[in-house]
Amino acid sequence: MPAEPTALSKLNAEVVLRYLRVFETQDLDELAELVAEDVAVHGAGQHVRGRRYPEGAILSPGLSNCRVQVDDLFAAEDRWSPLSP
């Protein structure tokens, strides 16, 4: 039987789920609560700094009306599933 997730694991999972939900809601105020103004963004061969980059991705027409479903969430030595009781 898997060990009960720690309070920190649950908090980390909640932050990740809130971040992903912002892509559905396009709520930039919630994004500002989660992501520092000078966040470092790495991906697709680019390395940039600033919250405006994830804001741009969130507001991109290519990501509008998206739905995010998380079945499992893995982190440093823990695993959390929103489907777990």
Checking E30 side chain against Y19 main chain: does a donor-acceptor pair fall under 3.5 Å? no
Test V68 against R21 for side chain to side chain contact (heavy atoms under 4.5 Å, CB included), laying out the working first. CA-CA 7 Å; V68 178; R21 186 174 54 241; over 6 Å; no
After noting the C-alpha distance and the side-chain angles of D71 and Q69, does the key distance pass the side chain to side chain contact (heavy atoms under 4.5 Å, CB included) rule? CA-CA 6 Å; D71 294 322; Q69 178 178 326; 2.8 Å; yes
Nearest 0.5 Å, please: how far is OG1 in T25 from CD1 in I58? 8.0 Å
About how many Å separate CD of E55 and OG of S60, when rounded to the nearest 0.5 Å? 13.5 Å
Locate the shortest heavy-atom distance separating V41 from P54; write the atom from each residue and the value. CG2-CD, 4.0 Å
Heavy-atom closest contact (D27 atom, V22 atom, distance): O-CG1, 3.7 Å
Who passes side chain to side chain contact (heavy atoms under 4.5 Å, CB included) against V16, sequence neighbours left out? L20, L73
Side-chain donor-acceptor contacts of residues 44-52 below 3.5 Å, not counting sequence neighbours, with atom names and distances?
{"unit_1": "H47", "atom_1": "ND1", "unit_2": "H42", "atom_2": "ND1", "d": "2.7"}
{"unit_1": "R49", "atom_1": "NH1", "unit_2": "D38", "atom_2": "O", "d": "2.8"}
{"unit_1": "R51", "atom_1": "NE", "unit_2": "V35", "atom_2": "O", "d": "2.9"}
{"unit_1": "R51", "atom_1": "NH1", "unit_2": "E37", "atom_2": "OE1", "d": "3.1"}
{"unit_1": "R51", "atom_1": "NH2", "unit_2": "V35", "atom_2": "O", "d": "3.2"}

E33: side chain to side chain donor-acceptor pair (under 3.5 Å) partners, not counting sequence neighbours: R18
